[in-house]
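Here's the structure, in structure tokens; my notes come after.
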Amino acid sequence: MTGVEQTAGRAAGAGPVLLGVRHHGPGSARAVRSALEEVRPRVVLIEGPPEADALIPLAADEEMRPPVALLAHAVDEPGHSAFWPLAEFSPEWIALQWALEHHVPARFIDLPATHTLAWGRQDDEVATEGERPPPAGTAPDGDTGPGPAGLRIDPLGVLADAAGYDDPERWWEDVVEHRGAGEGDALAPFTALEEAMGALRETYGSGGHDRDRVREAYMRLQVRAAQREFEDGVAVVCGAWHVPALRQKTTVAADKALLKGLPKVRTDMTWVPWTHRRLARTSGYGAGIDSPGWYGHLFSAPDRPVERWLTKVAGLLRAEDRIVSSAHVIEAVRLAETLAAMRGRPLPGLSETTDAVRAVMCEGSDVPLALIRDRLVVGDELGEVPPSAPAVPLQRDLTRLQRRLRLKPEALERELELDLRKENDAARSRLLHRLRLLGIAWGEPAASRGSTGTFRETWRLRWEPELSVRVAEAGVWGTTVLSAATAKAEADAVGAEGLAGVTGLAERCLLAELSDALPTVMRVLADRAALDTDVAHLAQALPALVRSLRYGDVRGTDTAALAEVAAGLAERVFVGLPTACAGLDADAAEEMRGHVDAVHGAVALLGDAPAAGHGHLRGRWQSVLRVLSGRDTVPGVIRGRAVRLLLDDGQLAQDEAALLMGLVLSPGTPPADAAAWIEGFVGGGSGGGMLLVHDERLLGLVDAWLTGVPAEAFTDVLPLLRRTFSAYEPGVRRTLGELVRRGPGTGGGATAAGTATPGFAADFDTERADAVLPVVRLLLGLDDMDDNTEDNNLAGVTG
């Protein structure tokens, strides 16, 4: 009796019909549909967690759109989870749809998730179709088959190699995807695949892989139970790798013995949206495929799949402003068909269409092919799940907010520009900040391409399926996004290790407008600040607090308590900074210089904050800078920076700054100390290059000192000087070079011979300076302000 006759006999009354498939294979999906139509079983058994049986009716909901996944997670540890993804071209999804359409019971028969998750907790990997990839190749259903000495084999790779193919995907396309569903016998493809897998398992066995043996024992028990209930009307859709084991004759006692003593954990299960990108093998998914978008096209195209595919490619390239005509599409189709004939393939596959696109539409370039692979071959398709699907309360609140704010989750990354002066944009900002605080990284802040004002925010959004797990994890903090974020912020404040962590948290609370969490955060912040005696920690924490005050002003949040804490923190920095700066080595001095810069910017913002009322802080800080600038025990890089900050604030005249520089650059100062002072004064991206350009007295002092550095010391100071001057813009370096060549301070813009140096003049050119004023007024909006003032004055007169 042939294999086909055996299968037909089983369908007629000799046992269950075993339909071995490749997960996410469109050819297997078409074959399953044809086989079910021919066999017409009374029950359909599907490889998957039995806890999901109650969720099967949702697959018929009009709002359910694959790709989707069954998500199981431990009740007491939501982050411990497993997924069972299904696309529209997955055989299991087709089996579910067929059963629902024909009102036939459908059941999942794999090892229950309660054991799977408990097992995964023990060895820190998720069994079955979980997200952790297997160590090596995957079988057609995503499970690995250990070979001799524990070597894992790729069944598709072995079969492809036996057929003379060097690419398992190309072999699968030729023997499954490019042939009809059974060609007259709907069960023939399954018979052939079962024979191939049987030969592989006879050769390689299971290698003592206990997990596969236990899963298959459970599935055999479920098949027997269905046969007792439905007799011979049983069809089983499972991974082809398991079919020989399910066909194996074993006793019930032996199978039950394998299941005895399995660990358990309480689980919840639901449907969640999935993406084509997460179906790809490159995502780490064990049963992943190389080209989900291509497979989806093959499954959905009613006819002429190559022509339709190349039309899609042409549309994508046109959207990217590439010139692609109908003639390109026609020629690409011809080339793909010619390549398939030359390579002995029944129909053009992905490799042939890709080669044709590269040659005809991309002019031999691989650059556009990367876009085609990302957008079409893999794709960004994101499924949808109906609201009636089980979900934690936090997920339901998040879904409600997403709909109200018109923030639809999308798999394709996109940028979102927000104007916080608009209520809807402000609400979107609050939601995204609260989710980030909860560890749900749907959006990441990005640099704005437009205004850098505090009323603008730019976000980079992408919804990943794993975020559903993060939402379930965050559900322990509350039933709404607001309550959960508030509770999480309070807990993080109490558990924060350092002062900087609490100040950063305060900033995030203001961004998320968590007013109920702020009292707890402020109390912890005040306690930590009072106990922390490390000036570096205090200086590091102050800028975050001051930024928080600015954000609070933009969002209309009451930040009076925060302002008082910030002012007290600043006072403690002022008192301790001179002592903390004494006796530092080079690395510590450079780090402290960064803290001085940060405190300087923070004091400027804090002193200008109307709600704070701490304008006197500017004076206190300038006194501290004067102490730092004149104390010999303070490293040169900090003294130089203190002088520069005082000069920039107008608290130090240029003559006085030149005098201080002259003293430091005198022969009595070691060259290394002098170089450090220069680094602090004109280095570190502080605009020191322009200062030297416009004040030739300072440039002359630096030039005279540098030319007088002894040869034996020059090598020591060269790295520091190179770091200082290499940070300048090319134009600034070029101008400084011209000035040094001419000789700084030799008389305005004239050389000794009386001829003008190109680009320099003896005095300011006020006429040229006035020419830029209209543009400056336009950029600052002063013209609009003047127009409004005139209108208001006119209205007052006429009134």
Minimum heavy-atom distance [X]-[Y], with the two atoms named:
X: Val104; Y: Arg42; value: CG1-O, 3.3 Å
X: Met219; Y: Asp110; value: CG-CA, 4.0 Å
X: Ala72; Y: Trp84; value: CB-CZ3, 3.7 Å
X: Pro292; Y: Ile289; value: CA-CD1, 3.8 Å
X: Arg30; Y: Leu298; value: NH1-O, 3.5 Å

Rounded to the nearest 0.5 Å, how far does [atom2] of [Y] lie from [atom1] of [X]?
X: Arg201; Y: Thr203; atom1: CZ; atom2: OG1; value: 12.0 Å
X: Lys264; Y: Thr116; atom1: NZ; atom2: OG1; value: 12.5 Å
X: Ser468; Y: Trp463; atom1: OG; atom2: CH2; value: 5.5 Å

[X] versus [Y]: any side-chain heavy-atom pair under 4.5 Å?
X: Leu382; Y: Pro409; result: yes
X: Leu350; Y: Tyr295; result: no
X: Pro368; Y: Glu320; result: no

Assess whether side chain to side chain contact (heavy atoms under 4.5 Å, CB included) is satisfied between Leu159 and Leu200, documenting all intermediate values. CA-CA 9 Å; Leu159 295 175; Leu200 286 178; 4.0 Å; yes
Throw together a table of side-chain donor-acceptor distances under 3.5 angstrom for residues 328-336, partners on residues two or more places apart or in other chains.
residue, atom, partner, partner atom, Å
His328, ND1, Ser325, N, 3.0
His328, ND1, Ser325, OG, 2.9

Any side-chain donor-acceptor pair under 3.5 Å between Gln395 and Thr399? yes
If we ignore angles and hydrogens, is there a donor and acceptor under 3.5 Å between the side chains of Thr250 and Arg224? yes
CZ/Arg40: more than 12 non-hydrogen atoms of other groups inside 6.0 Å: yes
